[in-house]
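Down below is the structure, laid out as structure tokens.
What you see below is based on every heavy atom in this structure, not just the backbone, and it leaves out hydrogens, waters and symmetry mates. Order of appearance sets the numbers: ligands from 1, and atoms from 1 within every ligand.
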Amino acid sequence: MTVDRRDVAVRAAVEQGLLTEQQPVAAFLDVAGIRSSVAALRAAFAAVTDAPVLHAFAVKAAPLVPVLALLHAEGMGAEVASPGELALARAAGLPPDRIVLDSPAKTVAELREALDLGIAVNADNWQELGRVDTLVADGAGQPVPPLGLRVNPQVGGGSIGALSTATSTSKFGVALNDAGARERVVEAYLERPWMTRLHAHSGSQGMALARMAQGIHALYELAEEINAAAGRQQIDTIDIGGGLPVNFSSDEHTPAFADYAGLLKERVPGLLDGRYGLVTEFGRSLLAKHGTVLARVEYAKSAGSRPIAVTHAGVQVATRTVYDPVSWPLRIAAYDAKGLPKAGPGVEQDVAGPACFAGDLLAERRRLPLLEAGDVIAALDTGAYYFSSHYGYNSLPRPAVHGFTSGQDGGVRFTTVREAQSVREIVAESGGAQRDALLGEERSNALAD
Ligand SMILES: *Cc1c(COP(=O)(O)O)cnc(C)c1O
């Protein structure tokens with residue numbers, strides 16, 4: 001989202017009463033921005049291959065039904081990794097042939113459901129492949145949907161350990177370079193003529209493009225080896241995962257999808273020569289820059305001569321930033337109570353959240369115009385893995401999410417993507433209907449008397 005668009009949207013959100021005493025924090029999604037990112041992704045791959053490409057959005061990055069419906073309308077599929085994510089994708093209207101199921105811990109019931117629905121599955125490990133064998137032998141999923149195996153090319157991680165999927169000891173997939181693994185993978189495909197896909201997801205925030213391309217190169221070489229051993233194009237589709245990093249330090253969309261697709265064309269030309277269909281699974285890079293959290297500054301105080309703005313946006317909407325601020329710094333923009341960009345000299349201050357622990361800070365010693373009670377702060381680039389990955393600390397409610405578009409007249413139109421969670425819902429989700437569950441019979445009888 002560019003500064004201008006953001007400023008207009010923030011002003012409109014404040015003017016239209018979307019930040020209130022009852023809802024002092026809310027999230028916003030730029031619909032036109034999301035559309036343009038999908039268009040950029042599709043164009044980037046269309047420019048390097050004529051083969052069919054399914055761009056499956058990684059649902060965990062923004063698990064919101066209207067977002068999935070928008071992406072579907074723009075031609076995308078969905079990558080799901082839990083029964084909840086699958087249900088969201090289906091609620092958004094995605095047909096089974098646009099859905100891919102990955103996850104490191106699928107139960108037999110999940111696998112059976114996916115096969116029966118006709119959803120593509122990537123098995124994570126040998127035990128899971130054994131379960132798939134049993135289900136296929138039992139006649140689940142006739143015809144058998146596209147099935148593949150996830151491998152870990154072990155090309156190494158990026159700068160954020162917790163997100164690095166391609167280290168030598170990563171929990172994901174079959175570790176390709178472990179003793180005997182490669183031979184076993186080739187053998188496994190030869191024994192299963194119905195297995196037609198091969199998958200890796202080795203990128204992540206903090207990963208260099210060259211290393212991502214190296215992982216895809218390893219994946220491609222393996223597919224070639226399997227097909228040569230099979231004497232036919234058994235693997236017809238390669239699922240290259242997602243993991244394109246996002247620039248959290250400016251409004252630039254770097255690296256661009258075209259940069260990555262261009263690099264793949266250069267480093268792994270055979271992947272894109274038309275023999276292989278592709279699946280991609282981008283998440284963060286599609287949504288991050290199109291989301292903003294707005295929050296009111298409730299109080300402005302100071303401690304140890306440090307100014308502190310106490311806002312309503314903290315760990316519940318920015319969990320990674322709060323717990324790991326070095327890996328996940330967020331840009332913060334300052335607005336006044338009318339939603340106008342705040343002017344004034346930069347002053348080092350903390351931007352704190354509402355949760356009851358000292359580390360609940362969106363930004364520490366950030367140079368911004370001095371914030372006052374009633375001002376509004378914007379946490380930028382929060383469209384993926386932030387407000388949509390709510391963390392229920394302090395029973396803070398999930399905030400409302402609004403989509404926005406600008407009309408011909410320059411006015412901004414908001415639509416509700418998700419209602420704010422109510423206090424009543426919090427009580428219900430916290431065992432409200434089971435009040436006496438721990439009291440024991442005597443005690444609950446005593447209460448009843
Ligand atoms: C998380 C995940 C993705 C999406 O990753 P991004 O970094 O959001 O692009 C894709 N595929 C799999 C298997 C994942 O676990």
For this session: Give a yes/no verdict on whether any heavy atom in F172 is under 4.0 Å from an atom of ligand 1.
Result: no
Problem set entry | R320 NZ/CZ over Y385 ring centroid, <6.0 Å and within 45° of normal | yes
Problem set entry | Nearest-option assignment for atom 5 (O) of ligand 1, heavy atoms, candidates R150, H201, R284 | H201
Exercise. Does A61 reach ligand 1 with a nitrogen or oxygen that is under 3.5 Å from one of the ligand's nitrogen or oxygen atoms?
Worked result: no
Exercise. Any ion pair linking R6 and D251 (charged N to carboxylate O, less than 4.0 Å)?
Worked result: yes
Problem set entry | Pair Y391 and Y386, ring centroids less than 6.0 Å apart | no
Problem set entry | Contact check: K60 vs ligand 1, nitrogen or oxygen atoms, below 3.5 angstrom | yes
Exercise. For the rings on F257 and F45, is their centre-to-centre separation under 6.0 Å?
Worked result: no
For this session: Could you give me the CA-CA distance, side-chain angles and deciding distance for K106 and E128, then say whether salt bridge (charged side-chain N to carboxylate O under 4.0 Å, His left out) is met?
Result: CA-CA 8 Å; K106 305 176 202 79; E128 189 170 280; 2.5 Å; yes
Exercise. Any nitrogen or oxygen of G243, main chain or side chain, under 3.5 Å from a nitrogen or oxygen of ligand 1?
Worked result: yes
Exercise. Does any N or O atom in E281 lie less than 3.5 angstrom from one in ligand 1, N or O only?
Worked result: yes
Seminar exercise, completed: Within 4.0 Å of some non-hydrogen atom of G283, the atoms of ligand 1 are 6 (P), 8 (O), 9 (O)
For this session: Identify the residue among D236, T237, N227 that makes a side-chain hydrogen bond (donor to acceptor under 3.5 Å, both in side chains) with Y276.
Result: N227
Exercise. Between E110 and R131, is there a side-chain N and carboxylate O pair less than 4.0 Å apart?
Worked result: no
Exercise. Among all protein non-hydrogen atoms, which one is nearest to atom 8 (O) of ligand 1, and what is the separation to 0.1 Å?
Worked result: Y385 OH, 2.5 Å
Problem set entry | Atoms in ligand 1 flagged as close to F282, the criterion being non-hydrogen separation under 4.0 Å | 9 (O)
Exercise. Going by the atom numbers of ligand 1, which of them fall below 4.0 Å from some non-hydrogen atom of A58?
Worked result: 3 (C), 4 (C), 10 (C)
For this session: Of the side chain and backbone of E79, name the one, both, or neither that has a heavy atom under 4.0 Å from an atom of ligand 1.
Result: side chain
Exercise. Checking side-chain hydrogen bond (donor to acceptor under 3.5 Å, both in side chains) for the pair E298/H312: CA distance, chi angles, key distance, verdict?
Worked result: CA-CA 7 Å; E298 193 66 43; H312 288 277; 2.6 Å; yes
Seminar exercise, completed: Atoms of ligand 1 under 4.0 Å from any heavy atom of D102, numbered from 1 in the order shown, are 13 (C)
